[in-house]
Amino acid sequence: MPELPEVEATRQSFADKIAGSTVLCVRTGKPLRWPLACAPARLVGRQVLGVRRRGKYLLIDLDQGLLLVHLGMSGSLGFALHLPEPGPHDHFQIVTTRGTLRLHDPRRFGCVVYAESEASETVRKLLGKLGVEPLTDDFCASRFHAGLRRRQTAIKQVLLAGDLVVGVGNIYASEALFLAGIRPTVRAAKLSLPRATRLHAAIRDVLGRALAGGGSTLRNFSNANGESGHFQLEAMVYAREGQPCRVCAAPIRALRQGQRSSFYCPQCQKA
DNA sequence: AAAAGCCCCTGGATGC
DNA sequence: TGCATCCAGGGGCTTT
């Protein structure tokens, strides 16, 4: 599940396999976060050109239109030549000439939305305010710092908001802030250029390593082939309240920010 | 424009 | 064992 590394690992696990296929039939389950926005039958016969990612959205390009897929909190995709009978939490699937793609999402915070084109209102609404991709060269430290200086709220919240930089979810936000030695409550605007630069590097480091590990999250995750990440990335602070810091042994602390939990080491992240 | 809250939904863990 | 409560990796929308 889904921060950027998991979404990207999911994309990589089925993009090449589904590309070039033709949609044979579509099945929908319970309603997801947003309606599909077209009659499922209209997708039949369309060709799948490829799969891209923007932030935590997957974009499945069709020869006419595209599907925006978001995994929400509990979603995962499966892709195989044959999948077992759909279960009660399988809420969308397309059978193609190369295999079946299925969204499994118990909490149904995820979505599959059809858009006529990338210029459509739907795409603009969902992707229009997304920030820069952290693993590309567009993510540069000085521009990151400049963006932070305009924000008066806590740095952790700015990372999660996704309008400055995308893909950093609740786990990796805490982890990146730890690596950078920055307390999650610090006002974004107060970060110096050197500290913002450290954070910039920490974000790339933690996301990059997680992706290299196959979307190794700290909990359960499996890509569209049902393979789990390597779990090579162990959390330094996330969900470790009261446990000793792996660097200095001070007890890790937890707090709530914007209805989400944050974790930090009071010793390694003094400010 | 930016920030803060609210809410969507189900399942698993915990506590009584 | 049964039931209530709390918590969960996201993010769009509304209100301030």
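Convention: sequence-line order gives letters A, B, ...; per-chain numbering from 1.
Residue A/Arg108 is in sugar-phosphate contact alone, with no base atom involved, counting any heavy-atom pair closer than 4.0 Å across all strands shown. Within the 4.0 angstrom heavy-atom criterion, only backbone atoms of the sugar-phosphate kind lie near A/Arg256; the bases stay farther away. No engagement by A/Gly258 is indicated, since no non-hydrogen atom pair under 4.0 Å with the nucleic acid exists.
With the nearest nucleotide of DNA chain C identified for both A/Trp34 and A/Arg107, A/Arg107 has the one nearer the 5' end. For the pair A/Gln259 and A/Asp163, both in contact range of DNA chain B, the more 5′-proximal nearest nucleotide belongs to A/Asp163.
The partner of C/dG9 cannot be assigned: no Watson-Crick or G-U wobble pair with both contacts below 3.5 Å exists in any strand.
Residue A/Tyr238 has a polar side-chain atom (N or O) positioned under 4.0 Å from OP1 or OP2 of C/dG9.
In this structure, A/Phe109 does not pack face-to-face on the six-membered ring of C/dG11, missing the 5.5 Å centre cutoff or the 30° plane limit.
Under 4.0 Å is where a charged nitrogen must lie from a carboxylate oxygen, and between A/Glu85 and A/Arg27 no such pair does. A salt bridge links A/Glu118 with A/Arg52: the distance from a Lys NZ or Arg NE/NH1/NH2 to an Asp or Glu carboxylate oxygen falls below 4.0 Å.
The interatomic distance linking A/Leu160 (CG) with B/dA4 (P) rounds to 13 Å, in whole Å. In this structure, A/Phe263 atom CZ and C/dG9 atom P are separated by 8 Å, rounded to whole Å.
A/Leu160 and A/Met73 are members of different hydrophobic clusters when ILVMFWY side chains are connected at heavy-atom separations under 4.5 Å.
Spacing between C/dC6 and B/dC6 at atom P, rounded to whole Å, works out to 15 Å.
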